[in-house]
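Below, chain A is the first sequence line, B the second, and so on; all start at residue 1.
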Amino acid sequence: MDAYDLITRNASEVVTEDEVRALADDPEGKRAYVGYEPSGVLHIGHMLTANKLIDLQDAGFEVVVLLADVHAYLNGKGTFEEIRETAERMKEQFIAYGLDESQTEFVLGSEFQLDESYVLDLHALELETTLSRAERAMAEIKSGDSVTVAQAVYPIMQALDIVYLDVDLAIGGMEQRKVHMLARDTLPNIGEESPTCMHTPLIADLATGAGKMSSSKGVTISMEDSTEDIEEKVNSAFCPPTANPTEDGEERENPVLQIFEYHVFPRFERVVVERPDKYGGNLDYDDYESLEADLESGELHPADAKGALAGYLDELIAPGRKKIDA
RNA sequence: CCGCUCUUAGCUCAGCCUGGCAGAGCAGCCGACUGUAGAUCGGCUUGUCCCCCGUUCAAAUCGGGGAGAGCGGACCA
């Protein structure tokens, strides 16, 4: 796999392709970042962008993980003391998950976001951004919710973080695309470059295959889960025997396949689906596409796929779980 | 600061006028059917009715006080 393919694999959007190709020509020492609001426990959504960071490290990038304590504060997640505590736990879980500690720079937002020059630049950027644009950039604001000034400042700070962390490539889930587009549009107005961005897919809701998996409500898979929790959650997941299900005429995703594609295959060379002899014995895959094809054709039954998925997920989560228990 | 509206199950809300066992839809949970899940069918759970005081045999409902949220406060001066 060449550098560009590794850098962009499993990405659902690259902005822009030319810019990323330029980075891929000489990836050594380039910097990429993802920002995370410290939240209780690392879950499968965090792990998806973390997989991308691991790809980038393999390609030679330096990786910055922003533990966005100030953002969490602006989003009403608690006191700074509480937030920093969870940030510390989160950092340990990222390392346990597989980020190379020596190649990863963990930065607390408050380390630079309170500096005078940052604050002044922030105000300059506020001057360039309309309230409605900022509001639209905040993915999680539901219509009808009342929006605070803090929530409007939030995405503007994300834009400025890209400048202050001196990164060449901003990574985020697809829900971050509006923030990144805001950054691309407004940063030039204060004399900074438009950042290059790349977005990872969102895993669909486990239970329905519709919308995105939510960590705050509904079912998510996290590093807190026991082996039994994972088996139970995976087993109850929506999984019709096809990659492109429709339900009541609505487009759905197959979350079981998505997790194979975005979590299992990037981290395992070979996937074995154990199967009783009466159903045909074990199956062996070395890429995602052949597994999907077998599910589609009926060769692979969803129940067997789920069994295998639970096993591999458990293996991915085990190191982090050990950290939490310790 | 002033005015109007709202506050009832996890969510959206009905009930309030005219006081009498706390409701519906959705969600959730449990079974049946499927070699998974979903769909379908059957069953079940869920409450500080925003708070306090008062009236009454009886208050989600009526009266008073308070809190929180939303919207509005244009023109002229």
*Asks:* Do Y288(A) and Y262(A) have their ring centres less than 6.0 Å from each other?
*Replies:*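 Y288(A) vs Y262(A): aromatic centres not under 6.0 Å.
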*Asks:* Can you tell whether the side chains of K30(A) and E62(A) come within less than 4.0 Å, N to carboxylate O?
*Replies:*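 No, K30(A) and E62(A) are not salt-bridged.
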*Asks:* What residues form a ring-ring contact (aromatic ring centres under 6.0 Å, His included) with Y279(A), not counting sequence neighbours?
*Replies:*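 Here no residue qualifies.
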*Asks:* Between E232(A) (CD) and A37(B) (C1'), how many Å, whole number?
*Replies:*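 Rounded to the whole Å, the gap is 13 Å.
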*Asks:* To the nearest angstrom, how far is F238(A) atom CZ from U36(B) atom C1'?
*Replies:*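 Roughly 12 Å, once rounded to whole Å.
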*Asks:* Are any protein N/O atoms closer than 3.5 Å to N/O atoms in nucleotides 25-32 of chain B? If there are, list each pair with its distance.
*Replies:*
none

*Asks:* Could you list who else is in M181(A)'s hydrophobic cluster, with ILVMFWY side chains joined at under 4.5 Å, directly or through other members?
*Replies:*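 Its cluster mates, by chain and number, are V15(A).
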*Asks:* Return the value, rounded to whole Å, for the distance between atom CG of N235(A) and atom P of U34(B).
*Replies:*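 Checked: the CG to P distance equals 17 Å.
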*Asks:* Given the rule in the salt bridge (charged side-chain N to carboxylate O under 4.0 Å, His left out) test, do R270(A) and D286(A) qualify, once you have shown the distances and angles that lead to the verdict?
*Replies:* CA-CA 5 Å; R270(A) 189 156 159 270; D286(A) 52 20; over 6 Å; no
*Asks:* When you check the gap from the basic side-chain N to the acidic O, do E13(A) and R177(A) get nearer than 4.0 Å?
*Replies:*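 Yes, E13(A) and R177(A) are salt-bridged.
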*Asks:* Would you mind telling me which of D166(A), L53(A), V63(A), I162(A) makes a side chain to side chain contact (heavy atoms under 4.5 Å, CB included) with Y33(A)?
*Replies:*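 The option that passes is I162(A).
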*Asks:* Nearest whole Å is fine: how far is A37(B) C1' from E231(A) CD?
*Replies:*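 Whole-Å distance recorded here is 16 Å.
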*Asks:* Can you tell me which stems RNA chain B forms when a stem means 3 or more consecutive Watson-Crick or G-U pairs under 3.5 Å?
*Replies:*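 Correct response: B:1-7 with B:67-73, B:10-13 with B:23-26, B:28-32 with B:40-44, B:50-54 with B:62-66.
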*Asks:* Which residue in the set D314(A), D205(A), D225(A) passes salt bridge (charged side-chain N to carboxylate O under 4.0 Å, His left out) when paired with K233(A)?
*Replies:*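 Exactly one pass, corresponding to D225(A).
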*Asks:* Over how many whole Å does the gap from N254(A) atom CG to G38(B) atom C1' extend?
*Replies:*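 About 11 Å, once rounded to whole Å.
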*Asks:* Taking atom types as modelled and ignoring hydrogens, do the side chains of Q158(A) and Q176(A) form a donor-acceptor contact shorter than 3.5 angstrom?
*Replies:*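 A pair is found: one side chain offers a donor N or O, the other an acceptor, under 3.5 Å apart.
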*Asks:* Quick test of your reading of the model: are E19(A) and R184(A) salt-bridged, counting only N-O distances below 4.0 Å?
*Replies:*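 Between R184(A) and E19(A) there is a salt bridge, with a charged N closer than 4.0 Å to a carboxylate O.
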*Asks:* Considering only NZ, NE, NH1 and NH2 on the basic side and carboxylate oxygens on the acidic side, decide whether R21(A) and D18(A) come within less than 4.0 Å.
*Replies:*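 Looking at R21(A) and D18(A), the cut-off is not met.
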*Asks:* Separation of D205(A) atom CG from G38(B) atom C1', in whole Å?
*Replies:*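 Rounding to the nearest Å, CG of D205(A) and C1' of G38(B) are 12 Å apart.
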*Asks:* Among residues 278-304 of chain A, which ones have heavy-atom contacts with RNA chain B below 4.0 Å?
*Replies:*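 The stretch gives Y279(A), H301(A), P302(A), A303(A), D304(A) as the residues lying under 4.0 Å from the strand, ordered by number.
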*Asks:* Charged N to carboxylate O under 4.0 angstrom, E105(A) versus R31(A)?
*Replies:*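 So E105(A) pairs with R31(A) through a salt bridge.
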*Asks:* Looking at residues 257-264 of chain A, who's got a heavy atom less than 4.0 Å off RNA chain B?
*Replies:*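 Result for residues 257-264 of chain A: none.
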